[in-house]
Amino acid sequence: MKILNVVGARPNFMKMAPLVRCLRDRGIEQKLVHTGQHYDANLSKVFFDDLEMPEPDVFLGVGAGSPTAQIARIMLAFEEVCAAERPDLVVVVGDVNSTLACSLVGAKALIPVAHVEAGLRSFDMRMPEEGNRVVVDRLSELLFTHSQDANENLLREGIAREKLHLVGNIMIDSLANHLERTDASPILDELCLEPGRYGVVTLHRPSNVDVPETLLGIMAALHDIAEEVPLVFSCHPRTAKQLKGLAGYQALAGRGDLRLLPPLGYLDFLRLYSNSRLVLTDSGGLQEETTYLGIDCVTLRENTERPITIDEGTNRLAGTKPAQIVAAARACSGLRDGSYTPPALWDGKTAQRIVDVLERWAVQR
Ligand code: UDP
């Protein structure tokens, strides 16, 4: 069996690293393809170093552009890679444009596609990732899910039960494998932060950062919260760009202790949020990471494709209205009794379960 593994953007790397390692340990032939969707060093290279991922075998270098231009360029370049490599399987993770583009190419070339993190649905088609999720799942032969609700979504869409494999959350493999190694990160000392006495913020969804009134409202709420608890904000390049020209933003300066930081590497960021009192975010991944760690998460969105983080975890949806965000942050008690356990199969062994399935699949086909 020869596998082409695809990554393209920040949230892909922590989902792919454990799989690459496990395939290597089992002696399965694989190549890593990086589309170049994210190309800034602090959104890409640092993750290869921190997660000890091998350099990509193939770099497509598609760079910036509109979503359609990016998808088209990835498809053309990846088609050539598939023709040259003739893999038995294409593995895609998550829900970014690279995930969509490469699964389409695989399907057109009649190469089976495996989707890791299948079945997540926000039921909000205005969210760019939602269309990607639906299409990728429809095209995939093997669908690896991390929760029962994902299986139910897929069954409701008519996907055959035998294609579904509930294997758990592969991002948690990376988290669990690297948590101890974060002791070496100097980030808390550098920022003069005490464990449990600050909050962490990330924000990057277009619906939050590309609409000036929404972004200004969120920033006002964050500054209010920062008067009660210091906040450190890992600022995505998209958000930094929007903040620069945001009318009314200057008037908030000096209200509370809110510090803007550039995007951080995996280990520094893990050290930061794993020691925090609460996280405020619109990131999908962070909703899960905080649930695993038992840290309060306030999600600055109206919906989530990860309802298990609310039902069984530490997440609460605050929407994007300032008063609701402040109220949700205040409602975070930080207290979790000793009986708190993360969702089933979020245990650091998901990559092994995926490779078990792949080995059986390779024999049967
Ligand atoms: N992350 C990171 N450094 C940062 C911000 C986020 O390492 O400065 C990690 C975060 O812990 C999670 C992933 O990046 O593992 C989430 O990526 P992102 O929020 O870009 O995408 P989403 O999860 O929303 O798809």
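Predicted model, so just to flag it, every value in this text is computed and none were measured. Just so you know, ligand 1 is whichever comes first in the structure, and atom 1 is the first atom listed for that ligand.
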Visitor: What's the shortest heavy-atom distance between D88 and W361, and which atoms?
Guide: O-CH2, 3.6 Å
Visitor: Which heavy atom in H236 sits nearest to a heavy atom in L43, and how many Å separate them?
Guide: NE2-CD1, 4.4 Å
Visitor: For H34 and F13, run ring-ring contact (aromatic ring centres under 6.0 Å, His included): C-alpha distance rounded to whole Å, both residues' side-chain angles, the deciding distance at 0.1 Å, then the answer.
Guide: CA-CA 10 Å; H34 187 335; F13 305 128; 5.4 Å; yes
Visitor: Under a 4.0 Å heavy-atom cut-off, which residues neighbour ligand 1?
Guide: R10, P11, M14, F47, H204, R205, S234, P263, L264, G265, Y266, F269, Y273, S283, G284, G285, E289
Visitor: Going by distance alone, is a donor N or O of one side chain under 3.5 Å from an acceptor N or O of the other, for T99 and N132?
Guide: no
Visitor: Test R181 against every option in L270, D50, L267 by the side chain to side chain contact (heavy atoms under 4.5 Å, CB included) rule and name the one that passes.
Guide: L267
Visitor: Are Y266 and H178 close enough that their ring centers fall under 6.0 Å?
Guide: yes
